[in-house]
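For reference, the structure is listed below as C-alpha cells.
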Amino acid sequence: MTLDFLAGLRIAGRQEVDHVTMVALVRDQPLAVGAMVAGRQKEGPFFRPHGVIYRNDGPQTNPLETRLFMDPNRLGDEIVGMVPDHYAARARIHQLFMELYPFSPKPVPFKAPAGGGAQNPFKRGSTWYRDTSAQFEIADGQVGALYLVNERLVGVIVVPDPETYRQLHPLCLGEVLSHTWSEFAYHPTATPDRVAVKAHQAADLADLKQQLLQEESETNEVVALYTEPTLGTLLTAKGGVVDDCSGVAAERRLKACSFITAPQAMRRRFQGEMIRTHDGSLCYFRSMAIDAKLQKMAVLYETIDAACWQLPVLLKNTGWTNYTFYRRCREAGCIYLDKDKWLRA
Amino acid sequence: MNAEHIACEDLALFFNACLAATRPAQGINLRRQANRGVYFLHRYVCCNYRDLYLRVLAMPINDFNRLLIVRNLLTHARGVTAEQRRLENRLITQVLPRLPANRVYRCFVDICCSGVNNRRTRAVMQAYINSRPDLAFHAVKYRGKLKRIIRHIHMKVPAEIFDYLQRGATARTTWQTPLFDRVRLVHYQKSALYELPFAVAETLAAKFGVPRARLLEHMKDRLTAKERFRLNDTMTREKVRHADAMAAAPLITLANAALALPPTERARFQELLEAAAAQTAAGLQRRYGRVALVVDNSDSSFRRNDPAGRTLPLGLALAYVLPHCTTSLSVFWTCPPSTPLMVVPRGVTNLALPLIDALQTQPDTVLIVSDGYENTMRGGADLAVQVARRQFGLEHRVRVVHINPTFNDQDFQPLNLGPHITTVGVREPAFLDFAMEVAAFQEGLISLKGMQRYLEQWVAAA
C-alpha cells in the first residue's frame, strides 16, 4: 500500500511556539464531489479520533472495538470504513489508546527548559496548555497539519474540510503538546526562528517585501521540513504491519485502513488510519508517532502479528518458551495479552 | 544608567500595566497575589514612587487598576506626610463613587481580608457606604460583602439593615423597609420576586422554576445598564418587547457584540458604531496627522469567552474612532475584509506585509493593533520599521506604536514586536490619549518631569 497522501495538499505556512511546530496543510483544489462533500449541514467533526471515543473505565478487553465513521446526520446510509474487528486491530487500537493515556504510577519527570520561562504543565493550575495552544492559529482553508516537536515529526492529520479541522484543532494540539514535555529532557534548547533577512540586505521596503515573500516560499517547501529523510519517504515507506480493509469498504464508497508504518531510516514508528474516496482522493488521514516508551510494545505486536496471532506459531518462530512470552509481555506493559489469552492456542 | 532612567523604565511598565492589565480570570487568593506580576508591580511602584502612584488615580485607566491603587494606598500608609495624605483622600473619595459598586465592595473585602483596619480605611469605607442613596438595595444585592465590611470596621448602620445583613430576611416578621419585606415574602409568593434586584431574582427564579421569558418581561425596566447590554439578545430571543439597549452601549461593547455575529447580520451595527465612535472621539483631545492603522485580524484576534482575545474588537473600534481624530486614515488588515464591519478573524498573524504596505504610504504615525505573536515572518514587523527609517531618513521620521490589549503577567508588560517599535497596552479606545502619552514617554520624547506635569494637569482637572 502506498500512502502518497500529500498529493493534492500544499503547505500554507508554519508556526513555532516553544518547541512545537505546526505546519498548516491546505488543499490545492477543493475535494472532488463525492460522499464527503454532500451539501447537508455539518454538525461537528464526523471523523472522531480514537482517543476521544474510548474511555478507560471499562474492562481492558471490552472497549477496543473501533470504527472510523462519518456523521450519521450527514450520510446516514454510508457508514463505512470499519476497521476489521480482529485481534490485531484490537491490539493496535489499544496501543494507540495507551499512547494517548499511558499509565504510570510515577509522576512524569519534568525538566525545565534551559532558558527557563516555561511553566510546568503538570503543576496544579498551570495554564501552559491553554496559553500555548492559543498561540497557534488556523490558516485560511486549513484542512490538516503536520506537528513537529523539536523538529521531529510527531503527528499528521488531514480532514475533509476546514470546518472539521477547526473543531479538531484544539484536540490535536492538546495531544501534541502533551507529547512535547516528554521530549524536553532530551532537547532543552529550541528558539523560534525569526526571519533570516537582515535590515542592511534590503534596499527599500519594496525590496524587503519581495525578500520576505521569497523566504517564506522557500521555508514552506515540503522537502525543507525533513531533509533526512524527506517527509515523503517518511510516510510512504511501507510499514511493518499494514492492515488494509479496502476490500470491505470497496463496495461502499470509501476505503479505510489502519496502519503502523516503521520507516527504515527512522527509529520511530507511526500509527495511523486513513480513508480515501473511491476516486482515490484523500478524505481523512491521521498518523501519530508512537511514544518512545511504547516502542517496545510495538515491536512485540509486530512479532505477534507476524505469527498471525497464534501462540504456537509465535513460539516456533521466535524460539520463546511460554515463560519468555509472559516476560516479554510484562516488559512491554501488555501483560493482558498473556493473561486474557488473546492469542489463539 | 542613572536613577531617572530607572524611574522612567519602572513607570513606563506601570503605566502600561494600568492600561492593559485586568483581574486574573481565575480567582486568586490574597497570599498568592504577591507572586502575580501586576500585583507585585503595583506594590513596587507604591513603595518607590508613591507621589506619582497616587496621581495615576486621576488618569483614564482600568477599574481594576484604579481599585488596586486605592487598596495599596489605604493598606500601606505608614510615613505619609499630611499634605500627601490630603491629596490621597481627595482622589480616593472622588474616584470611588464613579466605579461600579460590586468592584468597590470587592476591593473593600480584600482590604478586610488583609487585616487592615486603620482609621483612614474605616473612614473611607464608612463615607462610601453612607453615601449610597439605596443602601437597602445594596444590602440585598451585595449582602455577603457588605456584611463582611460592616463587621470588620464596626460600622453603625440602621437597625433594620444590620438585622437583615446579620440574620437574613426571616429575622423579623415585618420590615419597615419594603425591599426587605419582599425578600422575606419571596419564599411564599412568587410575585415578590420581581421587585428584587435582578441578580438576586435570577437565582431565585431558577430555584422556583419561573420561566426566563416571564422573569425578563417583568424585570426589563429594573435592569442596570450593564444588565441591559448583557440581556439584550436574550430578550430578543425570548420575544420580550424592549428597547434596543445597544444604542447606549460603549464603543468596545458594540464592537464585541458586532464581531460575535456572522458578518451578514451586522448591518444594524454600522450606525451604532459610528455614533459611539463619534462620542468616544469627542472625549479625546489629541489630534493626529496622517495615520496608518494596521489591524491583526488573525484567527486568535477574537475568541469568545476569552479575555485575551480582544485585539480585533479594539482594532475595529479604532478604525471607527480614528477618522475623527486624524487628517487622513488608511487601514490595513492582515486578512483584508470588504468593509471594516465585515471583518472576521481568519488566518495566521503576518504583520510584516501589511506593515510594509502601511509604511509605503509614508504616514506620520503607524498604529499596529496586535497581540504581539507573529506566527509567520517572525520579527518581520521590526525589520520593516528599521528599513523604513533608513529609507526615509531624518527628514521623515515615522512614529510606529504597537497597541497591545493583552497584558503578559510574566514580563510585567504587553508582548512587544521588537526593539524598534514602541509597545503600549490599551484595552479601551477612550484611553488612547494617555496611551500615546505613555508611548512618547517610553520613546524618551517626554521626560520624567514632563510626565509629572502631565499627571498634575489631570489631578488638577479631576
Side-chain angles (χ1 to χ4, degrees), chain A residues 11-18 21-24 26 116-119 124-128 130-142 145 162 165-166 169-170 191-217 219-220, chain B residues 24-29 32 296-301 303 306-309 334-335 344-362 371-392 398 406 408-411 415 418 420:
Chain A
I11 286 175
R14 54 186 285 168
Q15 301 169 44
E16 293 173 37
V17 176
D18 289 343
T21 306
M22 185 187 84
V23 181
V26 298
Q119 302 173 38
R124 195 173 177 188
S126 166
T127 55
W128 186 80
R130 197 188 60 200
D131 296 347
T132 309
S133 59
Q135 291 173 35
F136 286 102
E137 297 180 322
I138 302 170
D140 200 10
Q142 184 171 349
Y165 181 78
R166 181 172 286 277
H169 176 74
T191 49
D193 288 340
R194 297 175 73 85
V195 285
V197 182
K198 302 292 177 200
H200 62 82
Q201 291 170 345
D204 55 8
L205 285 167
D207 186 30
L208 176 69
K209 188 173 181 179
Q210 198 179 356
Q211 287 190 37
L212 286 174
L213 287 170
Q214 191 180 348
E215 186 187 325
E216 196 196 11
S217 66
T219 313
N220 288 341
Chain B
Q26 299 91 4
I28 188 167
N29 68 27
R32 288 191 180 181
D296 167 14
N297 63 324
S298 64
D299 183 58
S300 65
S301 61
R303 285 178 180 158
D306 183 3
T334 52
C335 186
V344 285
R346 178 176 289 176
V348 295
T349 308
N350 182 352
L351 287 173
L353 298 182
L355 181 59
I356 289 173
D357 292 341
L359 287 166
Q360 280 174 333
T361 60
Q362 298 199 9
D371 59 1
Y373 290 105
E374 284 179 281
N375 295 109
T376 57
M377 297 187 190
R378 201 183 289 260
D382 190 52
L383 192 66
V385 175
Q386 280 183 67
V387 173
R389 293 218 166 118
R390 202 187 62 215
Q391 184 183 342
F392 300 144
V398 61
T406 313
N408 186 358
D409 211 59
Q410 309 254 322
D411 301 336
L415 197 66
H420 299 88

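Only heavy atoms go into these numbers, but all of them, side chains included; no hydrogens, no water, no symmetry mates. Order of the sequence lines fixes the chain letters, A, B, ..., with proteins taken first and strands second; residue numbering starts at 1 for each chain.
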Chain B heavy atoms under 4.5 Å from Ala196(A): which part of the residue, side chain, backbone, both or neither? neither
Should we count CD of Gln210(A) as having more than 12 external heavy atoms under 6.0 Å? no
Under the side chain to side chain donor-acceptor pair (under 3.5 Å) test, residues paired with Glu374(B) that sit two or more places apart: none
CE of Met377(B) to CD of Glu215(A), rounded to nearest 0.5 Å, is 8.0 Å
Is Gln386(B) in contact with chain A via its backbone, its side chain, both, or neither, using a 4.5 Å heavy-atom distance? side chain
Run the side chain to side chain donor-acceptor pair (under 3.5 Å) check on Thr334(B) and Asn297(B) step by step: do they pass? CA-CA 6 Å; Thr334(B) 52; Asn297(B) 63 324; 2.6 Å; yes
With chain A, which of Val387(B), Asp357(B), Thr376(B) has the greatest number of heavy-atom pairs at distances under 4.5 Å? Val387(B)
Which atoms of Ala352(B) come close to chain A, meaning under 4.5 Å heavy atom to heavy atom: side chain ones, backbone ones, both, or neither? side chain
